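Here the structure comes first, spelled out in C-alpha cells, and everything after it is commentary.
We name chains A, B, ... by the order of the sequence lines, and we start the count at 1 in each one. Since the model is a prediction, treat every value here as computed from it, not as a measurement.
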There are 2 protein chains.
Amino acid sequence: MGRKTTITDVARAAGVSKGLVSFALNDRPGVSPDTRDRILDVARELDYRPSLSARSLSTRTSYALGLVIARDPEILGADPFFPSFIAGVERVLSAEGRALVLSVVGDDAHEQTVYRTFASDARVDGMFLTDLRHDDPRIPLLQSLGMPAVTLGDPDARHAARASADDAGRTAHPYPSVVLDDTAGVVELAHHLAGLGHRRIAHVIGPRRMMHATRRDAAFAGALAEAGCPAPIVVETDFTAAEGAAATGRLLDLAEPPTAIVFGNDPMAIAGIGIAHERGLQVPRELSVAGFDDSELARYVFPSVTSVRSDPLVWGEQAARTLLQLIATGASDDVELPPARLVTRASTGPAPTP
Amino acid sequence: MGRKTTITDVARAAGVSKGLVSFALNDRPGVSPDTRDRILDVARELDYRPSLSARSLSTRTSYALGLVIARDPEILGADPFFPSFIAGVERVLSAEGRALVLSVVGDDAHEQTVYRTFASDARVDGMFLTDLRHDDPRIPLLQSLGMPAVTLGDPDARHAARASADDAGRTAHPYPSVVLDDTAGVVELAHHLAGLGHRRIAHVIGPRRMMHATRRDAAFAGALAEAGCPAPIVVETDFTAAEGAAATGRLLDLAEPPTAIVFGNDPMAIAGIGIAHERGLQVPRELSVAGFDDSELARYVFPSVTSVRSDPLVWGEQAARTLLQLIATGASDDVELPPARLVTRASTGPAPTP
DNA sequence: CTGAAAGCGCTTACAG
DNA sequence: CTGAAAGCGCTTACAG
C-alpha cells in the first residue's frame, strides 16, 4: 500500500506541475479543458484525496464548524432539541465535506475557554450560537476573536452596533441569525387554554438568562392578558425534569393551585403529569398540562401531551447553510423559518368547574 | 493586531532556533534547563499558540477523535445514552486538547462513507465504536484503513484474529474494548420479576443486529429459565417510543397477555406505560413495566420506572482514555467498568392474581 | 546542548 | 495556458 498518493504523484503521472493539478482540482480558471480532464482522470485513477491538514495550513481553513453546548449532561439527555439540531447540521456539512466539532461544557468559565481554544487553534472556521442569552458574552468574544458565527434567534438589540461600514438595510446584529418564531406557538397555546376556560395558569420556564425563556414568557403573558386572563404564575427552572417536577409540586400546593400548567419543554411536562398523577389528580379533567418542542415521547405518554412544535432539524440545516455562506462569501442574510405551531393533544381540556 | 505569533517569532525573541523552541515546548530531552525556561517564558509572554494545522501536517495527527452515530435523529433525541456518553468523552478530550468530531448518519451506506472520509482525510486519529453489531463490518473496515479504535463492549469472537505477533495473554479482538456488563442488571431484573410471581413476561428489545440487544435477550431469558419461568415473549423494535408503544399494544392484545413487560430503553417503557394507562390498566397492579438506562425521566413519570442503570458518562470517559492511550502508545488494555445495576421503582409489583 | 536545513502536502502569486 | 518556486508553521533527523 505504501504512502497515500499526493498531489506530486498526480502531477508526475499527468505530466504537469503540482500547481496545475491544484488549479484543476479546485476548478479555477486557467487550465485548458483537455489538461483539466486528463488531470482529473489521473487523480481518480490514483484515488487521490487531498490532505486536509496541508490544505488547512495553506488556506488557513479547518473545514470544520463548531458547536459548544453549555448544558448539564442530564438535560442534554432528556431534551431532544440538540440531537435533532445536530442531525440537521450534519446533513448539510457532510455533503460539503465539512465536519462538526462538538464540545459539551458545564460551567461558564470553561465555556469561554473552549471558544478561545477553538479560535486560537483555528480548530473551526465558524461557530453555531445556540441558547442565546441576554447580552450574550459570546458575541463580543467571538467578534474579538474574529470568528464567524450564526445565531439561533436574534440577539439583543444591545449588539446592534454592526460595523458602520456595512450597507444600509442590513440586519442590525453582528452575525446572521436563523430565526424560528417560537412565540407564535406560545400565543396559540395561550388562546387555546383561555378558550378552554382556564384563568389560573402557571408557566414553568427555562433559565431566565436564556432569551427564549423570557421571550416566550412575555409572549405567553401578553397573549393571556389580551384574552382577558390574569397574569400567569411564572416559575423559573433549569429545564430538568427534576425541577419541572418540583415546580409542579409547589404549584399544586398553593392555596389556589393553577388549573393549567405550561412547561418550557416536554420532559418537564411529562414529569409534571407524573406529579399530578401521583397526587391522584386527573389530567386534563382536574389539571391541564402542555409542553414545548413536541418530542416523540409527548405523543406516547398518557395522556398525550399538548405541545408546541418547532423544527430543530430544519433549524440545523438552515443554520449550517447560513454559516457556510457567511464563511465563503463574508456575508449572509438572516433566515426566517416557519413559526412554531401548537399541537393539541389529550393533556389539555376544559378548566374544571369549581 | 497583525498575524498570530508563530514559532519563528518565539525563536527570534528567545535568540534560538525554531527547532529548539519546538523541543522545549514539547518537552523533549536535549534542551538545557536554562534555555528551556527562557523559551517557555518568551512563549508565554508572546501568548504563543502552536498552529494545529502545521503540527498536523508535520506529525500526521489531527488531534481529534471521531464518533459516528448511526441512529435516527428521532431516537437520538429520545435516548439519553449518547448525550451523556459524549459529555464523558468531552471531559477527557478537552483536558487533553483534543476535539470530538461528530457525525450522525441515517443509513449504512452513508455510514461507510463517513468512516472512509474521516480516515482518508485524516480528520481524526481514532474512532469510538458504539452500538456494536454482530460481525460488525466497521471493524474490518477500520482495520483496513489503519484507523485506531475503541469498542464499547466486546466484539464478536469472529474478529478474534488479533495479529499473531501480539504477546500472549492479550485480549483476543483487534481493538481494545471498554466493557460495561449490562447483563448483570438484566439478570437482577429477571429475578426481581420472578420473585414478584410473574410468569408471563415479555421482552421488548432493540434491533437484533446490535449485540447488546441479543446479549441482553439471552441473559434475560437465561435468568428466567433459571428461575423456573417460561421463556419470555420477545419483540424486536428500533428503539423508538413509537415501536415501543406499538409492541405494547400487540402484547396486550394477546389472548394471554404478559403480566410484565421489560423494555430495552426508558422511552419505550414510558410509552408502554402510556399505552397501558390508555387501556385503563393499572401499573403495576395489572401490569409491571421496566426500562433500561435509568434516564432522568424514569424517576419522574407516574409510576416511576424500574430500570437498569449503566453509566454512560463514565463509559465515555474510559473510552476516551483508552483510545488516547492506544493512539499514544500503540496498545491499550481492555477496561471493565462496574456492571449495570437494577434500580427498583414503582412500575414493578406483584403479579396480578387471576 | 544547540543550529541549520529538509520535509510534511498543499496553494498561490509570479513569470513566461 | 503552463511551470518553477516560495510559503503556510510546524517537527525531526543530522551535524557539530
Side-chain angles (χ1 to χ4, degrees), chain A residues 2-40 42-43 46-64 97 119-123 125 146 327-328, chain B residues 2-40 42-43 46-64 97 119-123 125 146 327-328:
Chain A
R3 327 170 353 281
K4 264 194 59 175
T5 77
T6 71
I7 198 172
T8 308
D9 302 326
V10 178
R12 186 160 29 218
V16 297
S17 70
K18 294 185 336 186
L20 207 56
V21 174
S22 176
F23 270 61
L25 256 32
N26 299 315
D27 45 33
R28 307 181 25 150
V31 187
S32 74
D34 298 12
T35 318
R36 172 187 310 275
D37 288 351
R38 185 155 45 91
I39 293 174
L40 261 33
V42 171
L46 267 46
D47 192 31
Y48 168 68
R49 312 254 346 180
S51 152
L52 206 64
S53 46
R55 295 191 70 189
S56 292
L57 183 55
S58 286
T59 61
R60 303 165 183 287
T61 302
S62 69
Y63 304 97
S120 61
D121 287 357
R123 178 73 84 174
D125 303 324
I327 291 167
Chain B
R3 330 170 350 280
K4 264 192 61 176
T5 77
T6 72
I7 198 171
T8 309
D9 302 327
V10 177
R12 185 159 29 217
V16 297
S17 72
K18 293 184 337 184
L20 207 56
V21 175
S22 176
F23 271 60
L25 255 33
N26 299 315
D27 44 32
R28 307 184 21 152
V31 187
S32 74
D34 298 12
T35 318
R36 173 186 309 276
D37 287 351
R38 185 156 43 91
I39 292 174
L40 261 34
V42 171
L46 266 47
D47 192 31
Y48 169 68
R49 313 254 346 182
S51 153
L52 206 65
S53 45
R55 295 191 71 189
S56 294
L57 183 55
S58 286
T59 61
R60 303 164 183 288
T61 302
S62 68
Y63 304 99
S120 62
D121 286 357
R123 175 74 85 174
D125 304 323
I327 292 167

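A:S58 pairs by the side chain to side chain donor-acceptor pair (under 3.5 Å) definition with nothing, not counting sequence neighbours.
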Nucleotides 10-16 of chain C: protein proximity per nucleotide (B base, S sugar-phosphate only, - neither; heavy atom, under 4.0 Å): BBB----
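Across D:dC1, C:dC1, D:dG9, the shortest atom-to-atom separation from the side chain of B:L57 is found for D:dG9.
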Nucleotide-level pairing of DNA chain D, given in dot-bracket where Watson-Crick and G-U pairs need both distances under 3.5 Å and | marks other strands: |||.||||||||.|||
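Between the side chains of B:T61 and B:D125, no donor N or O sits under 3.5 Å from an acceptor N or O. Judged by distance alone, the side chains of B:T35 and B:S32 do bring a donor and an acceptor atom under 3.5 Å apart.
Taking atom CD1 of B:I39 as the reference point, atom C1' of C:dG3 lies 12 Å away to the nearest angstrom. Atom CG of B:D37 is separated from atom P of C:dC1 by 13 Å (rounded to the nearest Å).
Looking at every heavy atom in both residues, B:L25 comes nearest to B:Y48 through CD2-CE2, 3.2 Å. Between B:S56 and B:S62, the shortest heavy-atom contact is OG-CA, 3.9 Å.
The pair B:D121-A:R49 meets the salt-bridge criterion, with a side-chain N (NZ, NE, NH1 or NH2) lying under 4.0 Å from an Asp/Glu carboxylate O.
Within 4.0 Å of B:T35, counting heavy atoms only, lie sugar-phosphate atoms of the nucleic acid but no base atom.
A heavy-atom distance below 4.5 Å is found between the side chains of A:R123 and B:Y63. With contacts defined as side-chain heavy-atom distances shorter than 4.5 Å, the pair B:S22/B:I7 qualifies.
Between A:S56 and D:dC8 there is no side-chain polar atom (N or O) within less than 4.0 angstrom of OP1 or OP2.
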